[in-house]
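On a predicted model such as this, the values are computed, not experimentally measured, just so you know.
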Amino acid sequence: MADSTDRETAASAETGETDPLAVAAEHPVLLFDGVCNLCNGSVQFLIERDPEAMFRFAPLQSDTAQELLAAVGYEEATLDSVVLVENGEYYAKSDAVIRAARHLGLPYSLSRPFGVVPARLRNIFYDFVADHRYSWFGEREQCMMPSPDIEERFLVGGPGPDG
């Protein structure tokens with residue numbers, strides 16, 4: 001029986017791209033607003049603190065992200081939340097942030113106790129920042145293009161409507 005690494009390699013060889021479902025079986029995949037400067041800065045923050053290259057990334061505006069979201073049953077139509085896909089499940093907003101931080105070790109994993117605060121309350125703050133992220137941090141004209149040293153960590157499958 002082939003493991004998911006074999007499936008990922010086979011998908012890459014057949015299509016020239018990586019199957020996002022196979023990748024998500026092996027790596028947490030962070031889906032982010034590709035034109036948001038705050039989101040792009042957060043991705044860079046994660047990359048710098050993830051020396052084992054555990055995380056994979058895709059802009060929410062990409063076809064790849066939309067395929068992955070559909071596969072895990074994520075039904076929100078807006079791009080106002082970061083989404084973490086891990087082990088066939090998705091986590092959005094503050095749940096995604098807390099879950100991603102736990103992978104980074106200390107001191108970032110200390111955010112884990114915030115998970116006991118009801119998501120409804122945590123997401124009030126999250127939504128406030130999300131509603132103001134463009135005016136506070138700016139936005140790009142197009143989705144971020146990763147540099148060659150990190151591009152293998154980005155799942156690319158063609159831009160969506162805004163990417």
Non-hydrogen side-chain atoms of Leu84 and Val29 separated by less than 4.5 Å: no

Working to the nearest 0.5 Å, report the span between CG of Leu30 and CG of Asp50. 11.0 Å

Of all the heavy-atom pairs spanning Tyr74 and Ala92, show the shortest one and how long it is. CE1-CB, 4.0 Å

How many angstroms lie between CZ in Arg56 and CG in Leu31, if you round to the nearest 0.5 Å? 13.5 Å

Ser94 to Tyr126 - nearest heavy-atom pair and separation: N-CD1, 3.7 Å

Heavy-atom pair with the smallest gap, counting every atom of Asn37 and Phe137: ND2-O, 2.9 Å

Decide side chain to side chain contact (heavy atoms under 4.5 Å, CB included) for Phe57 and Arg153; before the verdict, give the C-alpha distance in whole Å, the side-chain angles of both, and the deciding distance to 0.1 Å. CA-CA 6 Å; Phe57 306 93; Arg153 298 182 66 187; 3.9 Å; yes

Under the 3.5 angstrom rule, does the side chain of His27 hit a backbone N or O of Met54 as a donor-acceptor pair? yes

Between Leu69 and Val83, does a side chain to side chain contact (heavy atoms under 4.5 Å, CB included) hold up when you go through it step by step? CA-CA 9 Å; Leu69 290 172; Val83 179; 3.8 Å; yes

Please round to the nearest 0.5 Å and tell me the distance separating atom CD of Gln44 and atom CG of Leu46. 9.5 Å

Between Arg133 and Cys36, does a side chain to side chain contact (heavy atoms under 4.5 Å, CB included) hold up when you go through it step by step? CA-CA 7 Å; Arg133 70 188 188 276; Cys36 168; 3.4 Å; yes

Counting distance only, does the side-chain N/O of Asn123 pair as donor-acceptor with the main-chain N or O of Ala119 below 3.5 Å? yes

Main-chain N/O of Leu60 paired with Gln66 side-chain donor or acceptor, under 3.5 Å: yes

Quick one: list whatever passes salt bridge (Lys or Arg N to Asp or Glu O under 4.0 Å) with Asp131, sequence neighbours left out. none

Please verify the inter-ring angle class for His132 with Trp136; under 30° counts as parallel, over 60° as perpendicular, anything in between as tilted. parallel

Search all heavy atoms of Pro59 against all heavy atoms of Gly34 and return the closest pair with its distance. CB-CA, 3.9 Å

Tell me whether Ser81 contacts the main-chain N or O of Lys93 through its side chain, where contact means a donor paired with an acceptor under 3.5 Å. yes

Keeping Asp33 on the side-chain end and Val35 on the backbone end, is there a donor-acceptor pair under 3.5 Å? yes

Does Arg49 count as lying over the ring of Phe45, i.e. NZ or CZ under 6.0 Å from the six-ring centre, within 45 degrees of the axis? yes

Would you compute the distance between atom OH of Tyr134 and atom CD of Glu139 and round it to the nearest 0.5 angstrom? 5.5 Å

Treating Ser62 as the side-chain partner and Ala58 as the backbone partner, does any N or O pair qualify as donor plus acceptor under 3.5 Å? no

Shortest non-hydrogen separation from Phe55 to Ala100 and the atoms involved: CZ-O, 3.5 Å

Are Leu38 and Val97 linked, directly or through other ILVMFWY residues, by side chains that come within less than 4.5 angstrom of each other? no

If you look at every heavy atom in Asn40 and Phe32, which pair is closest and at what distance? OD1-CE1, 3.5 Å

Within 6.0 angstrom of Phe125 CZ, more than 12 heavy atoms from elsewhere: no

